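What follows is a short report on a single structure.
The shown structure was predicted, so the numbers you read here are calculated from the model rather than taken from an experiment. Here is the naming used below: chain letters follow the sequence lines, and residue numbers restart at 1 for every chain.
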Number of protein chains: 2
Amino acid sequence: MKSKKLKIIPLGGLGEFGMNCLALRWEDDIIVIDAGLMFPESELLGVDIVVPDISYLIENKQHVRAIILTHGHEDHIGGLPWILNELKVPVYATEFTLAFVEGKLEEHEMLDETELIEITPKEKFTIGPFTVEPIRVTHSLVDCVALAVETPVGVVIHTGDFKIDLSPLDDKPFDLHTFAEYGKRGVLALLQDSTNVERHGYTPSESSVRPRLDELFSQTRKKLFFSCFSSSIYRIRIAVDLARAHSRKVAVIGRSMMESTEIAQDLGYIDVPPGLIINPGQLRDFPPEQLMILISGTQGEPMSALSRAALDNHKHARIEPGDTVVLSSRIIPGNEKSIFRVIDHLNRREANVVYDDGSHGLIHVSGHGSQEEMRLLINLIRPKFFIPVHGDYRYLRRHAQIAMETGAVEHAIVIEDGDVLELDQDDARKHDKVTAGRILIDSGSSIDVVEDLVIRDRRILSEDGIVLAVLAINKRTGKVERPPEVIMRGFGGVDVTDQAREVILRTLEGLSSEQKSDYGMVNEKVRVELKRLIQKVTGRRPMIMPVILEI
Amino acid sequence: MKSKKLKIIPLGGLGEFGMNCLALRWEDDIIVIDAGLMFPESELLGVDIVVPDISYLIENKQHVRAIILTHGHEDHIGGLPWILNELKVPVYATEFTLAFVEGKLEEHEMLDETELIEITPKEKFTIGPFTVEPIRVTHSLVDCVALAVETPVGVVIHTGDFKIDLSPLDDKPFDLHTFAEYGKRGVLALLQDSTNVERHGYTPSESSVRPRLDELFSQTRKKLFFSCFSSSIYRIRIAVDLARAHSRKVAVIGRSMMESTEIAQDLGYIDVPPGLIINPGQLRDFPPEQLMILISGTQGEPMSALSRAALDNHKHARIEPGDTVVLSSRIIPGNEKSIFRVIDHLNRREANVVYDDGSHGLIHVSGHGSQEEMRLLINLIRPKFFIPVHGDYRYLRRHAQIAMETGAVEHAIVIEDGDVLELDQDDARKHDKVTAGRILIDSGSSIDVVEDLVIRDRRILSEDGIVLAVLAINKRTGKVERPPEVIMRGFGGVDVTDQAREVILRTLEGLSSEQKSDYGMVNEKVRVELKRLIQKVTGRRPMIMPVILEI
């Protein structure tokens, strides 16, 4: 008789960055760790988000017991609506993570039907043959945990995303002791975050950006715009604290920034005395040197508040000479063009723009541990088997090498999405392959149109037809040089070509010539307006791809 | 009567990176410094290159006396065929730069009709009211010059691209003395390269990569693949020297790499003893530890030799476990996805890939001077007016600030493409605007199809029709999941849709499933094959845009 094995089955995030999702299976019980999304490569026109192919979970529907989340970042929770649409299972997460999840499920009208279960570090819970202990880790987000899963063949620890922040901004330190205890008792397998495997040394603490930011607050004589990832609660906390210290009122602009600031305030992660936060509409009531504006849009997203402000196109946020704009974030590869377009627009308005260009003091730190933190945790845990998670293939391979070099690991194994790793007390080997891959989703638009955030598979969308809109814009004059071409496929009888042309022309007329030279924005605007039109007239939701000819 | 003024008119490269081109005008005489191209943003589908709009020069055709080139990089010479097509004027450049220009003009069958004039540092020449002295500078390329232009109102110095390399690899040092002399005699205006204005300190010498590369040569037990920009002659020199020192034969793979290695050898920049260089076909005759392969493709260009080798798709270059691949180049923003795809493919083949990730020793250095080098040159030249050139708006603005902080400059002036700056002995002011902008070009394909490298304006191409090919590829199985959609516009009677579909299917069948998951490659292959078909059948050369649906 074949002895029983534990199966580790990554469905996303191993061999790519993003859409983290991993299944643990013992006989007829499956638990899923994380359910993330990723953002698509630029070659994939008209795709907004990418989620893992969960055919394996769907085929084994009756065995899936739970989804457990390590923390609230999009690459760990963003695929939830999609997955919960297929699998009705409870979702386990910490308090703060659940707050983000609730917002997301509400948007998709799935909140009522989903069972959400709050977990707490050091409080074990049992799901079938698995007993899970959440262990507090530090990261750029608050309330993050690793998971220690007791299985019939031994303990498996999944770090989630982590860094070892020895000067945390809240009273929730990285729980070195619990990891050490597991290490002493013996751990079968460690699955560790590979994100920063190419960085030597240690990642600086979240608190290490404070001195330089303090300096910037001191030096700014006019308005101070502060932009960071809206989920960077620690960063928001520092900015709000500095605003208080420098007698500036705080206005929060941008939907995502408002949401996460509210959640963080509700759960006590930010301390805001009455009167500190003002409405954006009150900005004109205060002199510029008494204002700090928390604003979303660090990645140059064309419809974000910051991009709009940079083109004088935001009702409340006006950029004026002498204002300082701080981008306290990293430049995600692939976003350079959009980010630098925004920075150039800000410069033309004579703002002082401070971003992570290596020439200032520290204004951003990574949320992921560097090599020494990886080594430290490996030394504490001393697992028999080591499995790198989160990252492109070269990262996983490098991480496996680093783990072996510590001498604290018996075997390091590189697996990728779809691989089935079978383990027992003595042995771990790749056994099989299951379906894995990516599902491309057109969520309608990345702007704040809640009405049509229903997630739909690109395959289905393309069966609803394809619309290509070819626009010829004269970059110099900003004029539309000839009637837009609208090409539709798969619509049967209905012809909305003429109406579509009109909508495009009207949309372009509504843009300034500076806006028209921002192709990202043109693309987005045209897509949204065409979508509205076509859905109204035909009831269908085709894939829409604007093609810009600059002439 | 209005006094006479010198006009400085940037037509490209001020307000963007690339396509450098600048006119100097005194009354009825115009000289043009550099004639570059740039590569397009990803939003501009189907565009291969971008060149400056030279309407101003065309309108003033009878006054344009010459194009003078500072050095042989594409962003300084790549627009030549396009510009010479409109203006028949002599081209002045140094020996090495001319060798690159000759290759380019030959490709476009323009060599015979163009007058090329060799210039030499310290040897002045006169064009109408301008007397020009080329001054030796150092850069990542060889034989680069700055230009000191004596005009009726004073001397204007244009640095071209430069760094101050104090340990140059050849006997051609940066000519500090001539700059100093001009500074002592008085300089009206300095136009200085802004590229690295965000970097503190000094840029390391070209020779500073040698120690780490030497180490890599020592450590590699199998084949060593060395990739760098094909124009990086110093880098090629170091690699070839190290190959000799470590008893490895050298094979050169990739068209651009072969061309520039040959030119560098002919002109004495690389010293190659007989028998060192072997044909790619001979690679199998030597044991792997005796081979170094110079290969093009550092940016992950889908059809480059390295990309093909990484997918086992190159006749001669085979990647085997234990081989080392060195990417001695920077990762140009926007190319990350393609580069890392190639690196991942190499890793899957168990090659040791060394690239500029900050975690190794120095394997690449910039060719552009950092802040201290900028300050040093400003202090030597002490110009009345300072004008930053080469870069996005924020770079120009920052550079102007830095120049003013030296105290060695009276005024720093930020101008952008199309601005007309008028100068006399006392005064410099923006006066006017001329037409400036970008011309988008579809050169047919970026692969080595010389036959159709005739440059054509995108506007004209789009008048020849538009072809959209929509492909549905199942990423997991690599199968084409439904017949490709081919949408044609502007073709009149001829219908080649069915043939086009067949060509697409045949092209995709010829690719491995790993290749099919590389969208850049699919895109490129489909584009080239469709282009061939349509040109053969219809005689037209439409714009072709493949759209990939991953399902």
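- Only the side chain of B/R397 comes within less than 4.5 Å of a heavy atom of chain A; its backbone N, CA, C and O stay farther away.
- Of the atoms belonging to B/E416, it is side-chain heavy atoms, and not backbone ones, that fall under 4.5 Å from chain A.
- Shown here are the side-chain contact (heavy atoms from CB on, under 4.5 Å) partners of A/I332, two or more places apart in sequence or in another chain: A/F229, A/Q299, A/R330, A/N335.
- A/T203 meets the side-chain contact (heavy atoms from CB on, under 4.5 Å) test with A/K163, A/N196, A/S366, A/S370, A/E373; sequence neighbours excluded.
- Taking CZ from B/F17 and CZ from A/F340, the interatomic distance works out to 9.5 Å, rounded to the nearest 0.5 Å.
- Side chains of B/R341 and A/Y393: no donor on one and acceptor on the other come within 3.5 Å.
- Chain B forms the most heavy-atom pairs under 4.5 Å with one residue out of A/V414, A/N347, A/D392, A/V522, and that residue is A/N347.
- Once rounded to the nearest 0.5 Å, the distance linking CZ of B/R398 with CG of A/N352 reads 9.5 Å.
- Minimum interatomic distance between A/I343 and B/R394 (heavy atoms only, all atoms of both residues): CG2-CD, 3.3 Å.
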